[in-house]
There are 2 protein chains.
Amino acid sequence: MAVSARRGQPLTSEEIYAAALRLLDTAGVDGLSMRKLAAELDVNPMSLYHHVENKQALVRGACAAVVSRLRLPPDDGAPWQEQLRTLAHAYRSLAHSHPSLWSYVDGHPDLVDQESGLWAVFNRILVAAGIPAGELVRTRTTLYAFVSGFLSAETSGLLAELGGETGADTTFADTTFESAVDLIVAGIETRHRASGDR
Amino acid sequence: MAVSARRGQPLTSEEIYAAALRLLDTAGVDGLSMRKLAAELDVNPMSLYHHVENKQALVRGACAAVVSRLRLPPDDGAPWQEQLRTLAHAYRSLAHSHPSLWSYVDGHPDLVDQESGLWAVFNRILVAAGIPAGELVRTRTTLYAFVSGFLSAETSGLLAELGGETGADTTFADTTFESAVDLIVAGIETRHRASGDR
DNA sequence: ACCTGAACACCGTTCAAGT
DNA sequence: ACCTGAACACCGTTCAAGT
C-alpha cells in the first residue's frame, strides 16, 4: 500500500471528510478548495481524487455526515405536539452545529431525507396528529419548508441583528423560534378540529 | 469618451446588469463569471471593472434589480387577510421570475428590504391584523421566513417532484402554497383571538 | 474618461508516470 | 493500490499603458 510521501501514513476518507468539515465550518462552502484541503492534510492535491470523486461529492459527503447525526424523536407514544417540538428543536440544533453549511443543506432537501430518514418520522407524527393520508405530503413539505426557512433566516443573519437579550439564557432568536413552532402546532390543531367538525 | 475596440459603443452599467441577469438565469450564480460576461458583451474582461466594483457587487446589483420589481399591495383599506395573500403571491411570482437567483436572495434578506421596502408594508398589514407593536418584528420575521422557506423548497426542487397535476392550470405546488398561506393567516387570526380574550 | 493586455495568484481536474 | 508532478482550461483582480 503506497503511502503519502509527506506524511508517512495512508490517507483515509474519514480524515478527508473531517478536515473538509473543519474548513467548511471556518470558511464556508466557497472557502473550501481541493488544494487548501490537501494542504491541510499535508498531501498532494491529486491524492484526494483517489478517495473522493470530485469537489461536489466531497461537499455533499461532508454535509451528509452532519445530517446523519440528526437525533430523531423515538416512537414512545408521547403526544404528537411534544414529538413535533422535539423534532423541530433537534433539527435546529443540528443547523446550529454547522451554520456555515446550512445554506447548502437548505438547497439539497433530498440529502436531508436520504441521510436521516426524517420524512418517515415526520409522517408518523403527522398521522398521530390526525392529518389524513392524502394531506400528508403537502403538510409535511409545508412544515419542513417553514422550519428550514426559519433556520435559513437565522443562519443568514436576519435574526441575529434584531432585538437584544430577552432573558438570562434565551435570545431573541430562541423565543422567536418557540413562537414559530407554536404557530405551526396551532395550525395543525386548527386543521384537525376543522376536519372533526364535518 | 473612449469606446470599446470590439463594439464601437460605450459600455453602460444597464447593459452589464442585463447581460449578467441573462447569464444568472441560464447558468446560476456559479455559472456567472466576469470573463464569460465580458465575452457575452463582446468586451475586454477588464472593462467591466470600470462600471462595477467586483463580482460580488455585480451579483448583488443584479439581484437588487430583480427584487426592486416586487409589486407591493397598495394601502387601499382592503382586509388584511387579502393584502397578506396578495403580498405572498407577489413575492412568489418574483421568485418564479428568476428561480436560479433565489438561493442568493434567500441568503441576503437585507437586500430584500433595502430594494423593495417590504418590511414597512409588512408592518402595516400586521398592524391592521391587530398584532401588538412589541410583537411586530418577531411576527414579521417568522412569516417572512416561512414564505421564503417555502420558495426555497420550491426553487430547489423539493416540490417539483412530488404529486402530479391537481387540475387544469394549478399544480401541486400552487395548491400547497395556497394551503401554506391559509395556515399563516389562520395562525395570525388565532393569535388575535387569543389576545382579544384577555 | 474609458478601454486594454500582460501578469499574478488562485481554481478543479486529467493523465501519464512513479512506487 | 496508492501517490505524484506537470499540464490544461479555467477563475477574479491589479496595474501600467494606451486613446
- line: Between A120(A) and D113(A), the two heavy atoms sitting closest are N-OD1, 4.5 Å
- request: In whole angstrom, give the distance that lies between atom CG of L11(A) and atom C1' of dA1(D).
  value: 13 Å
message: Check this for me, if you would: do R85(A) and E82(A) make a salt bridge, where the nitrogen-to-carboxylate-oxygen distance has to be below 4.0 angstrom?
response: no
Report, one line per pair, each donor and acceptor closer than 3.5 Å where one atom sits in a side chain of residues 17-24 of chain B; sequence neighbours left out.
none

Value in whole Å for how far the P atom of dC11(D) lies from CG of L37(B): 11 Å
- prompt: Using Watson-Crick pairs (N1 to N3, plus N6-O4 or O6-N4) and G-U wobble pairs, both distances under 3.5 Å, which stems of at least 3 pairs involve DNA chain C?
  reply: C:4-8 with D:12-16, C:12-16 with D:4-8
- prompt: Taking the six-membered ring for Trp, is the centroid-to-centroid distance between W102(B) and F150(B) below 6.0 Å?
  reply: no
message: Base of dC3(D), side chain of H50(A) - is there a donor-acceptor contact under 3.5 Å?
response: yes
field: R71(B) and S93(B): side chain donor to acceptor below 3.5 Å
entry: no
task: Give a yes/no answer on whether the side chain of H51(A) brings an N or O atom under 4.0 Å of OP1 or OP2 in dC3(D).
output: yes
query: Under 3.5 Å, is there a donor-acceptor pair between the side chain of T171(B) and the main chain of D174(B)?
result: yes
- request: Find the distance M46(A):CE to dC2(D):C1' and express it as a whole number of Å.
  value: 15 Å
Gap between atoms CD and C1', on Q9(B) and dC2(C) respectively (whole Å): 15 Å
- prompt: With a 4.0 Å cut-off on heavy atoms, is M34(A) in touch with a base, just the backbone sugar-phosphate, or nothing at all?
  reply: sugar-phosphate
- prompt: Mapping R35(A) and S33(B) to their closest nucleotides on DNA chain D, which lands nearer the 5' end?
  reply: R35(A)
query: For the side chain of K55(B), counting heavy atoms from C-beta on, which of dT13(D), dT13(C), dC3(D) is nearest?
result: dT13(D)
- request: Figure out the CG/P separation between L32(B) and dG12(D), and round it to whole Å.
  value: 7 Å
field: Length of the NZ-P vector between K36(A) and dT13(C), whole Å
entry: 15 Å
statement: From CG of L48(B) across to P of dC2(C) the rounded distance in Å is 14 Å
field: S97(B) (side chain) donor-acceptor with L94(B) (main chain) under 3.5 angstrom
entry: yes
task: Send over the distance from D42(B) CG to dC3(C) C1', rounded to a whole Å.
output: 14 Å
